[in-house]
K.L.:
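The structure under discussion is supplied below as structure tokens; questions concerning it will follow.
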Amino acid sequence: MRKLANEELERLTIEDYKKAKKTPLIIVLDNIRSLNNIGSVFRTVDAFLVEKIYLCGITAKPPHKDIHKTALGATESVAWEYRESTMELVEELQSKDVKVIAIEQAENAAMLNDFSVEDKQTYALVFGNEVKGVAQEVVSKSDAVIEIPQFGTKHSLNISVSAGVVVWDFWSKLNR
């Protein structure tokens with residue numbers, strides 16, 4: 001077996017990416033501290049043709065060299081917008097019939113592997129701060145809470161890893 005060269009991967013150009021049909025997912029980053037995590041999420045979102053990223057609160061915005069280092073240009077392809085208030089954004093998205101889902105460990109959370117997606121529904125997935133998680137007021141306002149099953153000794157996953165796991169799961173369920 002031979003590894004493929006980048007030229008053989010037939011990836012979209014930025015222009016083609018922007019015109020491509022998007023996965024009905026929106027990512028909300030709620031007060032993310034690490035610029036490397038932000039860049040990694042941009043790259044994941046690019047890989048699965050996600051509609052948009054919202055950067056909220058203290059979450060840094062491009063252009064920034066540390067975001068660029070891990071995003072590898074995805075800040076140019078992915079639609080993004082900054083919002084000061086995650087709560088106001090959640091309410092706005094819900095008013096547009098977007099289902100808001102907090103990715104968090106909470107009472108009565110659905111396990112990711114058990115969660116069923118609805119056809120023709122747009123979802124906004126909220127990922128929280130590396131230390132405090134998704135703000136409680138956002139968890140309370142969300143339409144659902146999803147937890148990533150974990151079986152080891154640690155209590156959480158890195159935000160960029162969590163985004164990769166959840167976005168891939170939603171993408172695969174929405175593209176059956």
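Since the model is a prediction, treat every value here as computed from it, not as a measurement.
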K.L.:
Starting at SG of C56, measure out to CD of E84 and round the result to the nearest 0.5 Å.
P.N.:
10.0 Å
K.L.:
Could you list the donor-acceptor pairs under 3.5 angstrom formed by side chains in residues 162-176, with sequence neighbours left out?
P.N.:
residue	atom	partner	partner atom	Å
S162	OG	N158	O	3.2
D169	OD2	K173	NZ	2.8
S172	OG	W168	O	3.2
S172	OG	D169	O	2.9
K173	NZ	L112	O	2.8
K173	NZ	F115	O	2.7
N175	ND2	W171	O	2.8

K.L.:
If every non-hydrogen atom of F42 is compared with every non-hydrogen atom of P62, which pair is closest and at what distance?
P.N.:
CZ-CG, 4.0 Å
K.L.:
Provide the full list of side chain to side chain donor-acceptor pair (under 3.5 Å) pairs with a residue in residues 137-146, sequence neighbours left out, each pair given once.
P.N.:
Q94-D143, Q136-S140
K.L.:
Testing the basics here: between A60 and I38, what is the closest heavy-atom pair and its distance to 0.1 Å?
P.N.:
N-CD1, 3.5 Å
K.L.:
State, with a plain yes or no, whether a side-chain heavy atom of R33 is found less than 4.5 Å away from one of V131.
P.N.:
yes
K.L.:
Using side-chain heavy atoms (C-beta onward) and a distance below 4.5 Å, is P149 in contact with N113?
P.N.:
yes
K.L.:
Is it true that a side-chain atom of S77 and a backbone atom of I14 form a donor plus acceptor pair closer than 3.5 Å?
P.N.:
no
K.L.:
Taking the side chain as every heavy atom from C-beta outward, state whether V28 and F127 have any pair of such atoms under 4.5 Å apart.
P.N.:
no
K.L.:
Could you see if I159 belongs to whatever hydrophobic cluster contains V50? Use Ile, Leu, Val, Met, Phe, Trp, Tyr and a side-chain cutoff under 4.5 Å.
P.N.:
yes
K.L.:
Is any NZ, NE, NH1 or NH2 atom of the basic residue among K3 and E8 found under 4.0 Å from an Asp or Glu carboxylate oxygen of the other?
P.N.:
no
K.L.:
Please tabulate, one pair per line, all N/O donor-acceptor pairs under 3.5 Å involving side-chain atoms of residues 99-110, not counting sequence neighbours.
P.N.:
residue	atom	partner	partner atom	Å
K99	NZ	E118	OE2	2.3
E104	OE1	V134	N	2.7
Q105	NE2	H155	O	2.6

K.L.:
Mind checking side chain to side chain donor-acceptor pair (under 3.5 Å) for K96 and listing every partner two or more places apart, or none if nothing turns up?
P.N.:
E92
K.L.:
Hey, any chance L89 and I32 share a hydrophobic cluster, counting ILVMFWY side chains that come within less than 4.5 Å of each other, even indirectly?
P.N.:
no
K.L.:
Quick one: are M111 and I146 in side-chain contact, heavy atoms under 4.5 Å?
P.N.:
no
K.L.:
Between F48 and K22, is there a cation-pi geometry (under 6.0 Å to ring centre, at most 45° from the normal)?
P.N.:
no
K.L.:
Flag yes if V145 and I27 sit in one hydrophobic cluster, no otherwise; membership is Ile, Leu, Val, Met, Phe, Trp, Tyr, and two members link when side-chain heavy atoms are under 4.5 Å apart.
P.N.:
no
K.L.:
State the CD-OG distance between Q150 and S156, to the nearest 0.5 angstrom.
P.N.:
6.5 Å
K.L.:
Do N6 and L9 have side-chain heavy atoms sitting under 4.5 Å apart?
P.N.:
yes
K.L.:
Could you tell me whether the side chain of Y123 reaches within less than 4.5 Å of the side chain of V98, counting heavy atoms only?
P.N.:
no
K.L.:
Going by the rule side chain to side chain donor-acceptor pair (under 3.5 Å), which residues pair with D16 if we only count those two or more places apart in sequence or in a different chain?
P.N.:
T13
K.L.:
Please list every donor-acceptor pair under 3.5 Å in which a side-chain atom of residues 67-75 meets a protein atom from a residue at least two apart or in another chain.
P.N.:
residue	atom	partner	partner atom	Å
T70	OG1	N36	O	3.0
T70	OG1	S40	N	3.4
T70	OG1	I67	O	3.4

K.L.:
May I ask you to test the L157-I148 pair for a side-chain heavy-atom distance under 4.5 Å?
P.N.:
yes
K.L.:
How about I53 and I26: do any of their side-chain heavy atoms sit closer than 4.5 Å?
P.N.:
no
K.L.:
Does Y54 use its side chain to pair, donor to acceptor, with the backbone of D30 at less than 3.5 Å?
P.N.:
no
K.L.:
For residues V126 and L55: do they belong to one hydrophobic cluster (side chain heavy atoms under 4.5 Å, members Ile, Leu, Val, Met, Phe, Trp, Tyr)?
P.N.:
no
K.L.:
Are there more than 12 heavy atoms of other residues, nucleotides or ligands under 6.0 Å from atom CD of E88?
P.N.:
no
K.L.:
Quick one: do T122 and L25 satisfy side-chain contact (heavy atoms from CB on, under 4.5 Å)? Show the steps, please.
P.N.:
CA-CA 6 Å; T122 299; L25 282 177; over 6 Å; no
K.L.:
Give the cluster check for L29 versus L125: same hydrophobic cluster or not, with ILVMFWY residues linked at side-chain heavy-atom distances below 4.5 Å.
P.N.:
yes
K.L.:
Any sub-3.5 Å donor-acceptor pair from N31's side-chain atoms to I58's backbone N or O?
P.N.:
yes
K.L.:
Identify whether the distance between the nearest side-chain nitrogen and carboxylate oxygen of K52 and E81 falls below 4.0 Å.
P.N.:
yes
K.L.:
To the nearest 0.5 Å, what is the distance between CD on E147 and CG on D114?
P.N.:
11.0 Å
K.L.:
Which atoms form the tightest heavy-atom contact between A20 and L12, and what is the distance?
P.N.:
CB-CD1, 4.1 Å
